[in-house]
Amino acid sequence: MGNTIIGDALPNIPWEEKPKGCRDAVWRFSGNPVIGWNPLPKAARIFNSAVLPYDGAFVGTFRADQKNGRATLFFGRSRDAIQWEIGPDPIAWVNEAGKPHPTSYAYDPRFVKIDDTYYIVWCDDMHGASIGLGKTKDFKTFTRLPNPLMPYNRNGVLFPRKVNGKYLLLSRPSDSGHTPFGNIYISESPDLVHWGHHRFVMGNGGQGWWQGTKVGAGPIPIETREGWLLFYHGVSYTCNGFVYSFGAAILDINDPGKVLYRTRDYLLTPEKPYETTGFVPNVAFPCANLFDASTGRIAIYYGAADTYTAIAFAQVDELLATIKNNSEVF
């Protein structure tokens with residue numbers, strides 16, 4: 001079990017054993033939600049955020065919807081990845097010359113370490129929703145890089161290492177509204193500036209109606225012996241509006257544009273009060289995962305009802321088996 005994930009040990013990963021009688025491959029933290037309403041003087045809600053291990057503890061970039069209604073990114077630290085100390089002000093972005101370069105809005109970040117640099121990908125405003133990209137090495141200076149893709153686009157997710165000598169980015173082309181469609185694409189870059197070779201990865205629909213309206217990449221993919229493990233959200237449209245659930249896929253390790261397996265059934269759907277009731281009801285939106293390669297434990301961070309931050313857990317071998325046994329046919 002400990003050899004399935006390719007990566008580092010993380011002995012202090014947040015973890016809770018599966019509840020007795022639970023037959024699901026993904027289960028919720030009993031302490032959810034870990035961030036609730038009005039967590040900061042300037043922020044009404046923190047959700048759809050991303051965390052990483054750092055120096056024996058944890059760091060995170062957080063979507064904080066301020067009390068003026070605007071979404072912005074804040075930085076925070078934690079000893080246990082459950083209780084967070086989040087800065088009182090949004091990240092003060094600078095350009096590559098070191099001059100202030102603020103965002104007009106920024107939301108749904110993903111956070112990844114590649115070599116010795118920490119990169120943040122988010123939904124940015126480039127005269128319309130686009131993919132924003134920034135970096136930091138010390139969590140003090142946050143530098144914006146050129147936007148990888150033109151509007152309209154969301155759900156940008158970098159892979160944690162180069163594949164075949166290229167950086168890889170997943171995204172979900174969209175429109176300017178609450179997109180009623182969406183498929184996942186992959187793009188390549190030699191330098192994180194020039195992007196091309198855009199390819200379709202997977203689309204909405206299929207055999208699972210929970211993902212019939214649109215799909216979008218979730219946390220940073222986890223490298224395993226079976227391929228890249230990717231959690232993704234799927235959206236269905238009901239008579240009461242959109243419902244966001246999440247499933248997972250296994251992508252080819254050398255050609256991540258190729259889907260090997262993809263869940264037919266969701267892994268987690270809004271059921272608990274903090275998922276079904278809030279600013280936007282019926283949302284479970286995965287944005288980050290931590291893993292311990294030595295034990296195969298995975299902690300999944302997801303936004304609930306566009307209001308709360310919550311955690312779910314999985315054991316990698318059970319999860320991969322579930323994905324294979326519950327897969328659509330390709």
Practice task
Could you tell me whether the side chains of Tyr54 and Arg77 share a donor-acceptor contact shorter than 3.5 Å?
Solution key: no
Handout entry: Single-linkage hydrophobic cluster Ile35~Phe111, side-chain heavy atoms < 4.5 angstrom
Key = no
Exercise for the section: Report yes if the side chains of Asn155 and His233 come closer than 4.5 Å at any heavy-atom pair, otherwise no. Expected result: yes
Exercise for the section: Run the numbers on Lys214 and Tyr244 for side-chain contact (heavy atoms from CB on, under 4.5 Å), then give the verdict. Expected result: CA-CA 9 Å; Lys214 54 185 173 180; Tyr244 282 70; 3.3 Å; yes
Handout entry: Heavy atoms of other groups near Lys258 NZ, more than 12 under 6.0 Å
Key = no
Practice task
Can you measure from CD1 (Ile184) to CG (Asn204) and round to the nearest 0.5 angstrom?
Solution key: 10.0 Å
Completion exercise
Heavy-atom nearest pair, Val157 first then Arg110, reads CG2-NE, 3.7 Å
Handout entry: Validation row: Leu133, Leu169 side chains within 4.5 angstrom (heavy atoms)
Key = no
Exercise for the section: Inspect the contact between Lys162 and Glu188 and indicate whether a charged nitrogen and a carboxylate oxygen are less than 4.0 angstrom apart. Expected result: no
Handout entry: Shortest non-hydrogen separation from Thr213 to Pro180 and the atoms involved
Key = CG2-O, 3.7 Å
Practice task
Would you check if Cys287 and Ser49 make a side-chain contact, meaning some heavy-atom pair closer than 4.5 Å?
Solution key: no
Problem - Donor-acceptor side-chain pairing of Asp265 and Thr263 below 3.5 angstrom - result: no
Practice task
May I ask you to decide if Tyr105's main-chain N or O and Thr72's side chain share a donor-acceptor pair within less than 3.5 Å?
Solution key: no
Completion exercise
For Pro270 and Ala284 the tightest heavy-atom approach is CG-N, 3.9 Å
Problem - Heavy-atom check, side chain of Asn38 versus side chain of Lys67, under 4.5 Å - result: yes
Problem - Contacts of Trp122 that satisfy ring pair (Phe, Tyr, Trp, His ring centres under 6.0 Å) - sequence neighbours left out - result: Trp93
Handout entry: Partner residues of Ser236 under the side chain to side chain donor-acceptor pair (under 3.5 Å) criterion, sequence neighbours left out
Key = none
Handout entry: N-O pairing of Asp125 and Arg70 below 4.0 Å
Key = no
Exercise for the section: Could you tell me whether the side chains of Gln211 and Trp209 share a donor-acceptor contact shorter than 3.5 Å? Expected result: no
Exercise for the section: Determine, stepwise, if the pair Thr309 / Trp84 fulfils side-chain contact (heavy atoms from CB on, under 4.5 Å). Expected result: CA-CA 11 Å; Thr309 298; Trp84 289 91; over 6 Å; no
Problem - SB check Arg297 Asp292 (cutoff 4.0 Å) - result: no
Problem - Whether over 12 other heavy atoms sit under 6.0 Å from Tyr266 OH - result: no
Practice task
For the residue pair Tyr308 and Tyr274, categorise the inter-ring angle as parallel (less than 30°), tilted (30 to 60°) or perpendicular (more than 60°).
Solution key: perpendicular
Problem - Candidate pair Leu170 and Leu230, rule side-chain contact (heavy atoms from CB on, under 4.5 Å), full reasoning - result: CA-CA 10 Å; Leu170 298 170; Leu230 174 70; 3.9 Å; yes
Exercise for the section: Find out whether Glu226 and Tyr261 are in side-chain contact, i.e. whether some heavy atom of one side chain is under 4.5 Å from a heavy atom of the other. Expected result: no
Problem - Donor-acceptor side-chain pairing of Asp80 and Ser78 below 3.5 angstrom - result: yes
Practice task
For residues Phe279 and Phe47, establish whether the separation of their ring centroids is below 6.0 Å.
Solution key: no
Practice task
State, to 0.1 Å, how close Arg225 and Asn3 come at their nearest heavy-atom pair, and which atoms those are.
Solution key: NE-O, 3.0 Å
Problem - Shared hydrophobic cluster, Ile220 / Leu73 (ILVMFWY, side-chain heavy atoms < 4.5 Å) - result: no
Problem - Non-hydrogen atoms of Ile298 and Ile5 that approach each other most closely - result: CG1-CD1, 4.2 Å
Handout entry: Residue among Val201, Asn164, Val163 satisfying side-chain contact (heavy atoms from CB on, under 4.5 Å) with Pro256
Key = Val163
Problem - From CA spacing to verdict: side-chain contact (heavy atoms from CB on, under 4.5 Å), Leu251, Val259 - result: CA-CA 5 Å; Leu251 310 179; Val259 179; 3.8 Å; yes
Problem - Ring centre gap for Tyr118 and Phe139 strictly below 6.0 Å - result: yes
Exercise for the section: Write out all pairs satisfying ring-ring contact (aromatic ring centres under 6.0 Å, His included) with one or both partners inside residues 158-189, taking only residues at least two apart or from two chains. Expected result: Phe159-Trp228, His178-Phe242, Tyr185-Phe200
Handout entry: Neighbour count above 12 (heavy atom, 6.0 Å) for Asp8 CG
Key = no
Exercise for the section: Group every Ile, Leu, Val, Met, Phe, Trp and Tyr by side-chain heavy-atom contacts under 4.5 Å, then state whether Ile222 and Val26 land in the same group. Expected result: yes
Handout entry: Criterion ring-ring contact (aromatic ring centres under 6.0 Å, His included) on Phe231 and Tyr302, from CA distance to verdict
Key = CA-CA 11 Å; Phe231 293 102; Tyr302 66 100; over 10 Å; no
Exercise for the section: Examine Phe74 and Phe58 and state if one hydrophobic cluster contains both, with Ile, Leu, Val, Met, Phe, Trp and Tyr joined whenever side-chain heavy atoms are less than 4.5 Å apart. Expected result: yes
Handout entry: Flag for Arg79-Asn12: side-chain donor and acceptor within less than 3.5 Å
Key = no
Exercise for the section: Determine whether Leu158 and Ile120 fall in the same hydrophobic cluster, where Ile, Leu, Val, Met, Phe, Trp and Tyr are linked whenever their side-chain heavy atoms lie under 4.5 Å apart. Expected result: no
Fill in the blank from the handout: When every non-hydrogen atom of Tyr301 is compared with those of Pro14, the smallest separation belongs to OH-CG, 3.4 Å
